[in-house]
Amino acid sequence: MTRLVGELGLTLFSDPLVVAVALVASATAGCLIGSFLNVVIWRVPEHISIFNPKRSFCPKCNAQIKAYDNIPIISYMILRGKCRSCSEKISVRYPLVEALTGTMFLAVTYGAAKNAYPTPIIWNLYFFAAISVVIAFIDIDKHLILNVIVYPSFIISLILIAIATFQTVSNGENWTRLFNSLLCAVILGVAYFVLAIAWPGGMGFGDVKLAFVLGLTTGWLGWGQFAVGAFSAFLIGGLVSVILMLSKKVSIKGGIPFGPSMLAGAWTGIFAGEPIAHAYLQIAGLG
(Lines give C-alpha, C1' and ligand atoms only; values in the text may rest on other atoms or scores of the structure.)
Protein backbone atom coordinates (compact mmCIF):
# COMPACT_ATOMS: atom_id res chain seq x y z
CA MET A 1 0.00 0.00 0.00
CA THR A 2 2.74 2.46 0.97
CA ARG A 3 4.66 1.62 -2.20
CA LEU A 4 1.54 2.35 -4.22
CA VAL A 5 1.16 5.72 -2.43
CA GLY A 6 4.77 6.64 -3.20
CA GLU A 7 4.49 5.65 -6.85
CA LEU A 8 1.19 7.53 -7.12
CA GLY A 9 2.87 10.68 -5.78
CA LEU A 10 5.61 10.47 -8.42
CA THR A 11 3.04 9.85 -11.14
CA LEU A 12 0.88 12.80 -10.12
CA PHE A 13 3.83 15.18 -10.01
CA SER A 14 4.75 14.20 -13.58
CA ASP A 15 1.53 15.81 -14.85
CA PRO A 16 1.97 19.60 -15.36
CA LEU A 17 -1.72 20.30 -14.75
CA VAL A 18 -1.70 18.36 -11.49
CA VAL A 19 1.46 20.21 -10.43
CA ALA A 20 -0.20 23.57 -11.13
CA VAL A 21 -3.28 22.59 -9.13
CA ALA A 22 -1.11 21.27 -6.31
CA LEU A 23 0.87 24.52 -6.16
CA VAL A 24 -2.27 26.65 -5.96
CA ALA A 25 -3.89 24.31 -3.42
CA SER A 26 -0.82 24.19 -1.19
CA ALA A 27 -0.38 27.98 -1.29
CA THR A 28 -4.05 28.46 -0.37
CA ALA A 29 -3.84 25.88 2.42
CA GLY A 30 -0.68 27.56 3.68
CA CYS A 31 -2.39 30.95 3.88
CA LEU A 32 -5.32 29.43 5.78
CA ILE A 33 -2.96 27.66 8.19
CA GLY A 34 -1.00 30.90 8.52
CA SER A 35 -4.16 32.55 9.83
CA PHE A 36 -4.26 29.95 12.61
CA LEU A 37 -0.53 30.36 13.23
CA ASN A 38 -1.16 34.04 13.97
CA VAL A 39 -3.40 32.89 16.82
CA VAL A 40 -0.69 30.54 18.12
CA ILE A 41 2.04 33.19 17.89
CA TRP A 42 -0.01 35.69 19.88
CA ARG A 43 -1.81 33.49 22.40
CA VAL A 44 0.69 30.82 23.43
CA PRO A 45 3.36 33.17 24.90
CA GLU A 46 0.55 34.96 26.80
CA HIS A 47 -0.72 31.63 28.18
CA ILE A 48 -4.09 32.03 26.44
CA SER A 49 -5.80 28.93 25.10
CA ILE A 50 -5.70 28.64 21.33
CA PHE A 51 -9.14 27.00 21.44
CA ASN A 52 -10.96 29.25 23.93
CA PRO A 53 -12.25 31.63 22.77
CA LYS A 54 -12.62 29.72 19.51
CA ARG A 55 -12.78 32.80 17.33
CA SER A 56 -10.22 35.57 17.10
CA PHE A 57 -11.01 38.88 18.75
CA CYS A 58 -9.77 42.44 18.73
CA PRO A 59 -7.36 42.98 21.65
CA LYS A 60 -8.69 46.54 22.13
CA CYS A 61 -12.49 46.27 21.95
CA ASN A 62 -12.72 42.46 22.41
CA ALA A 63 -15.15 42.22 19.48
CA GLN A 64 -15.12 38.78 17.89
CA ILE A 65 -13.88 38.81 14.32
CA LYS A 66 -16.54 37.71 11.85
CA ALA A 67 -15.78 34.83 9.50
CA TYR A 68 -15.94 37.12 6.47
CA ASP A 69 -13.37 39.39 8.11
CA ASN A 70 -11.00 36.48 8.72
CA ILE A 71 -10.11 35.56 5.14
CA PRO A 72 -6.31 35.42 4.89
CA ILE A 73 -4.71 38.52 3.33
CA ILE A 74 -7.91 39.56 1.52
CA SER A 75 -9.77 40.67 4.66
CA TYR A 76 -6.81 42.77 5.74
CA MET A 77 -6.85 44.65 2.45
CA ILE A 78 -10.64 45.09 2.48
CA LEU A 79 -10.56 46.45 6.04
CA ARG A 80 -7.53 48.59 5.17
CA GLY A 81 -5.69 47.19 8.17
CA LYS A 82 -8.25 48.29 10.77
CA CYS A 83 -10.73 46.58 13.10
CA ARG A 84 -14.28 46.83 11.74
CA SER A 85 -15.69 47.55 15.22
CA CYS A 86 -13.29 50.10 16.72
CA SER A 87 -10.96 51.02 13.84
CA GLU A 88 -7.93 49.88 15.85
CA LYS A 89 -4.98 49.38 13.54
CA ILE A 90 -4.25 45.74 12.71
CA SER A 91 -0.57 44.85 12.52
CA VAL A 92 0.74 44.15 9.04
CA ARG A 93 2.33 41.07 10.59
CA TYR A 94 -0.96 39.16 10.27
CA PRO A 95 -1.11 39.13 6.45
CA LEU A 96 2.69 38.76 6.40
CA VAL A 97 2.51 35.52 8.41
CA GLU A 98 -0.29 34.25 6.19
CA ALA A 99 1.58 35.10 2.98
CA LEU A 100 4.85 33.66 4.32
CA THR A 101 3.21 30.38 5.30
CA GLY A 102 1.48 30.15 1.93
CA THR A 103 4.77 30.80 0.14
CA MET A 104 6.57 28.15 2.18
CA PHE A 105 3.88 25.54 1.50
CA LEU A 106 4.07 26.39 -2.21
CA ALA A 107 7.87 26.04 -2.11
CA VAL A 108 7.63 22.63 -0.41
CA THR A 109 5.23 21.41 -3.09
CA TYR A 110 7.42 22.80 -5.85
CA GLY A 111 10.46 21.05 -4.37
CA ALA A 112 8.64 17.72 -4.43
CA ALA A 113 7.49 18.32 -8.01
CA LYS A 114 11.12 19.00 -9.03
CA ASN A 115 12.36 15.88 -7.20
CA ALA A 116 14.44 17.92 -4.76
CA TYR A 117 13.52 15.32 -2.13
CA PRO A 118 11.44 12.12 -1.97
CA THR A 119 7.69 12.78 -2.15
CA PRO A 120 6.84 10.98 1.15
CA ILE A 121 8.72 13.59 3.22
CA ILE A 122 6.45 16.36 1.96
CA TRP A 123 4.07 16.06 4.94
CA ASN A 124 6.86 16.53 7.43
CA LEU A 125 8.10 19.54 5.46
CA TYR A 126 4.63 21.12 5.53
CA PHE A 127 4.60 20.63 9.29
CA PHE A 128 8.15 21.92 9.59
CA ALA A 129 7.16 25.02 7.59
CA ALA A 130 4.32 25.75 10.01
CA ILE A 131 6.39 25.37 13.17
CA SER A 132 9.22 27.37 11.59
CA VAL A 133 6.90 30.37 11.29
CA VAL A 134 5.61 29.99 14.84
CA ILE A 135 9.01 29.49 16.47
CA ALA A 136 10.68 32.30 14.49
CA PHE A 137 8.08 34.96 15.28
CA ILE A 138 7.78 34.04 18.96
CA ASP A 139 11.57 34.09 19.27
CA ILE A 140 11.69 37.53 17.62
CA ASP A 141 9.01 38.83 20.00
CA LYS A 142 9.97 37.17 23.27
CA HIS A 143 13.52 35.84 22.74
CA LEU A 144 12.13 32.45 23.73
CA ILE A 145 11.80 29.05 22.10
CA LEU A 146 8.96 27.52 24.08
CA ASN A 147 9.03 23.92 25.29
CA VAL A 148 5.28 23.65 24.67
CA ILE A 149 6.02 24.04 20.96
CA VAL A 150 9.43 22.47 20.43
CA TYR A 151 8.84 19.21 22.36
CA PRO A 152 5.64 18.22 20.49
CA SER A 153 7.31 19.36 17.26
CA PHE A 154 10.11 16.85 17.77
CA ILE A 155 7.68 14.01 18.45
CA ILE A 156 5.40 14.83 15.51
CA SER A 157 8.39 15.26 13.18
CA LEU A 158 9.79 11.91 14.29
CA ILE A 159 6.46 10.20 13.59
CA LEU A 160 6.12 11.82 10.14
CA ILE A 161 9.74 10.99 9.31
CA ALA A 162 9.24 7.37 10.38
CA ILE A 163 6.18 7.14 8.11
CA ALA A 164 8.11 8.72 5.22
CA THR A 165 10.97 6.27 5.78
CA PHE A 166 8.58 3.33 5.74
CA GLN A 167 7.21 4.53 2.41
CA THR A 168 10.68 4.93 0.89
CA VAL A 169 11.66 1.47 2.15
CA SER A 170 8.56 0.08 0.44
CA ASN A 171 9.80 1.78 -2.74
CA GLY A 172 13.16 0.00 -2.58
CA GLU A 173 15.33 2.05 -0.22
CA ASN A 174 16.63 0.88 3.15
CA TRP A 175 16.27 2.32 6.68
CA THR A 176 19.43 4.45 6.41
CA ARG A 177 17.48 7.71 6.17
CA LEU A 178 15.83 7.17 9.56
CA PHE A 179 19.16 6.24 11.17
CA ASN A 180 20.85 9.32 9.66
CA SER A 181 17.95 11.48 10.82
CA LEU A 182 18.35 10.38 14.43
CA LEU A 183 22.14 10.59 14.25
CA CYS A 184 22.08 14.13 12.85
CA ALA A 185 19.56 15.20 15.49
CA VAL A 186 21.97 14.03 18.20
CA ILE A 187 25.03 15.57 16.50
CA LEU A 188 23.42 18.99 16.08
CA GLY A 189 21.77 18.94 19.50
CA VAL A 190 25.01 18.04 21.28
CA ALA A 191 26.95 20.64 19.27
CA TYR A 192 24.53 23.36 20.33
CA PHE A 193 24.61 22.11 23.91
CA VAL A 194 28.39 22.47 23.95
CA LEU A 195 28.06 25.99 22.51
CA ALA A 196 25.45 26.91 25.14
CA ILE A 197 27.80 25.78 27.93
CA ALA A 198 30.88 27.44 26.40
CA TRP A 199 29.06 30.67 25.50
CA PRO A 200 26.62 31.50 28.32
CA GLY A 201 24.04 34.05 27.20
CA GLY A 202 25.12 33.79 23.59
CA MET A 203 23.35 30.51 22.90
CA GLY A 204 20.19 29.58 24.79
CA PHE A 205 18.97 26.12 25.70
CA GLY A 206 15.90 26.79 23.59
CA ASP A 207 18.27 26.82 20.63
CA VAL A 208 19.67 23.48 21.80
CA LYS A 209 16.20 21.89 21.81
CA LEU A 210 15.39 23.37 18.41
CA ALA A 211 18.67 21.96 17.05
CA PHE A 212 17.40 18.41 17.64
CA VAL A 213 14.32 19.15 15.50
CA LEU A 214 16.41 20.70 12.71
CA GLY A 215 18.88 17.82 12.69
CA LEU A 216 16.03 15.35 12.50
CA THR A 217 14.60 16.86 9.30
CA THR A 218 17.76 17.93 7.45
CA GLY A 219 19.55 14.70 8.38
CA TRP A 220 16.80 12.60 6.79
CA LEU A 221 17.29 14.42 3.50
CA GLY A 222 21.06 13.84 3.39
CA TRP A 223 24.44 14.81 4.78
CA GLY A 224 24.77 17.70 2.33
CA GLN A 225 21.47 19.19 3.44
CA PHE A 226 22.43 18.69 7.08
CA ALA A 227 25.90 20.24 6.79
CA VAL A 228 24.80 23.22 4.69
CA GLY A 229 21.80 23.79 6.95
CA ALA A 230 23.96 23.79 10.08
CA PHE A 231 26.64 26.06 8.61
CA SER A 232 24.15 28.46 7.00
CA ALA A 233 22.56 29.16 10.37
CA PHE A 234 25.76 30.78 11.64
CA LEU A 235 26.39 32.56 8.34
CA ILE A 236 22.88 34.05 8.32
CA GLY A 237 22.98 34.78 12.05
CA GLY A 238 26.30 36.60 11.73
CA LEU A 239 25.08 38.64 8.78
CA VAL A 240 21.86 39.61 10.56
CA SER A 241 23.79 40.57 13.70
CA VAL A 242 26.18 42.81 11.77
CA ILE A 243 23.31 44.53 9.94
CA LEU A 244 21.36 45.12 13.17
CA MET A 245 24.40 46.46 15.01
CA LEU A 246 25.43 48.75 12.14
CA SER A 247 21.88 50.11 11.99
CA LYS A 248 22.02 50.51 15.80
CA LYS A 249 18.90 48.37 16.24
CA VAL A 250 20.74 46.35 18.89
CA SER A 251 24.05 46.44 20.69
CA ILE A 252 26.58 43.62 20.77
CA LYS A 253 25.29 42.83 24.27
CA GLY A 254 21.63 43.38 23.39
CA GLY A 255 20.81 39.77 22.65
CA ILE A 256 19.75 38.74 19.16
CA PRO A 257 17.41 35.74 18.84
CA PHE A 258 19.21 32.98 16.98
CA GLY A 259 16.20 30.74 16.35
CA PRO A 260 15.13 32.49 13.11
CA SER A 261 18.67 32.15 11.72
CA MET A 262 18.73 28.46 12.64
CA LEU A 263 15.46 27.94 10.80
CA ALA A 264 16.54 29.99 7.77
CA GLY A 265 19.74 27.94 7.65
CA ALA A 266 17.80 24.68 7.81
CA TRP A 267 15.58 25.74 4.90
CA THR A 268 18.67 26.72 2.94
CA GLY A 269 19.93 23.20 3.51
CA ILE A 270 16.59 21.65 2.53
CA PHE A 271 16.31 23.44 -0.80
CA ALA A 272 19.93 24.06 -1.77
CA GLY A 273 22.04 21.86 0.49
CA GLU A 274 22.80 19.11 -2.00
CA PRO A 275 23.99 21.34 -4.91
CA ILE A 276 25.95 23.61 -2.53
CA ALA A 277 27.67 20.64 -0.87
CA HIS A 278 28.42 19.09 -4.26
CA ALA A 279 29.87 22.37 -5.58
CA TYR A 280 32.05 22.74 -2.48
CA LEU A 281 33.41 19.20 -2.81
CA GLN A 282 34.17 19.83 -6.48
CA ILE A 283 36.07 23.04 -5.67
CA ALA A 284 37.94 21.28 -2.86
CA GLY A 285 38.85 18.47 -5.23
CA LEU A 286 36.95 15.93 -3.16
CA GLY A 287 33.95 15.45 -5.45
Under 3.5 Å: donor-acceptor pair, side chain of E173, backbone of T168: no
Aromatic ring proximity, centroids under 6.0 angstrom, F137 and Y94: no
Contact summary for P152 and N147, nearest pair of heavy atoms: CD-O, 3.5 Å
Heavy-atom pair with the smallest gap, counting every atom of T218 and Q225: O-CB, 3.8 Å
Beyond-backbone contact of I187 with F226, side-chain heavy atoms, under 4.5 angstrom: yes
Path from I131 to Y151 over hydrophobic side-chain contacts below 4.5 Å: yes
Sequence neighbours excluded, every pair satisfying side-chain hydrogen bond (donor to acceptor under 3.5 Å, both in side chains) that has a member inside residues 259-272: S132-W267
Beyond-backbone contact of D141 with R93, side-chain heavy atoms, under 4.5 angstrom: yes
Nearest heavy atoms of H143 and P257, plus distance in Å: NE2-CD, 3.4 Å
Aromatic ring proximity, centroids under 6.0 angstrom, F258 and F234: yes
Closest heavy-atom pair and its distance - A162, L178: CA-CD1, 4.4 Å
S35 side chain to C31 backbone, donor-acceptor under 3.5 Å: no
Cluster overlap V228 with L221, hydrophobic side-chain contacts below 4.5 Å: no
Interatomic spacing from CD1 in I236 to CG in L239 - rounded to 0.5 Å: 8.5 Å
Enclosure of F154 CZ (heavy-atom neighbours >12, cutoff 6.0 Å): yes
Side-chain touch I159/F127, heavy atoms, less than 4.5 angstrom: no
More than 12 heavy atoms from other groups under 6.0 Å of CD1 on I140: yes
Within one Ile-Leu-Val-Met-Phe-Trp-Tyr cluster: I90 and L32, side-chain cutoff 4.5 Å: no
Shared hydrophobic cluster for V190 and Y192 (ILVMFWY, side-chain gaps under 4.5 Å): no
Rounded distance (nearest 0.5 Å) linking atom CD of E98 with atom CD1 of I73: 6.0 Å
Side-chain hydrophobic cluster, 4.5 Å single linkage: members besides F231: L235
Donor-acceptor contact below 3.5 Å, side chain T165 vs main chain I161: yes
Within-4.5 Å side-chain heavy-atom neighbours: I138 and I145: no
Side chain D207, main chain G204, donor-acceptor under 3.5 Å: yes
Value rounded to 0.5 Å, distance of CG in L79 from CG in N70: 10.0 Å
Exercise: identify the closest heavy-atom pair between K142 and P45: CE-CB, 4.0 Å
Non-hydrogen side-chain atoms of F128 and L214 separated by less than 4.5 Å: yes
Side-chain touch L263/D139, heavy atoms, less than 4.5 angstrom: no
Check against side-chain contact (heavy atoms from CB on, under 4.5 Å), H278 and Q282: CA-CA 6 Å; H278 180 71; Q282 289 287 341; 3.3 Å; yes
Residue W175 excluded, over 12 heavy atoms near CH2 under 6.0 Å: yes
Euclidean distance, S153 OG relative to L216 CG, rounded to 0.5 Å: 11.0 Å
Close side-chain approach of T217 and I121, heavy atoms under 4.5 Å: no
Side chains of W223 and L183 in contact at under 4.5 Å (non-hydrogen atoms): yes
Point-to-point distance, once rounded to the nearest 0.5 Å, from CD1 of I78 to CZ of R84: 8.0 Å
Same cluster (ILVMFWY, side-chain, under 4.5 Å), V134 and V44: yes
Closest heavy-atom pair and its distance - T109, Y117: N-OH, 4.5 Å
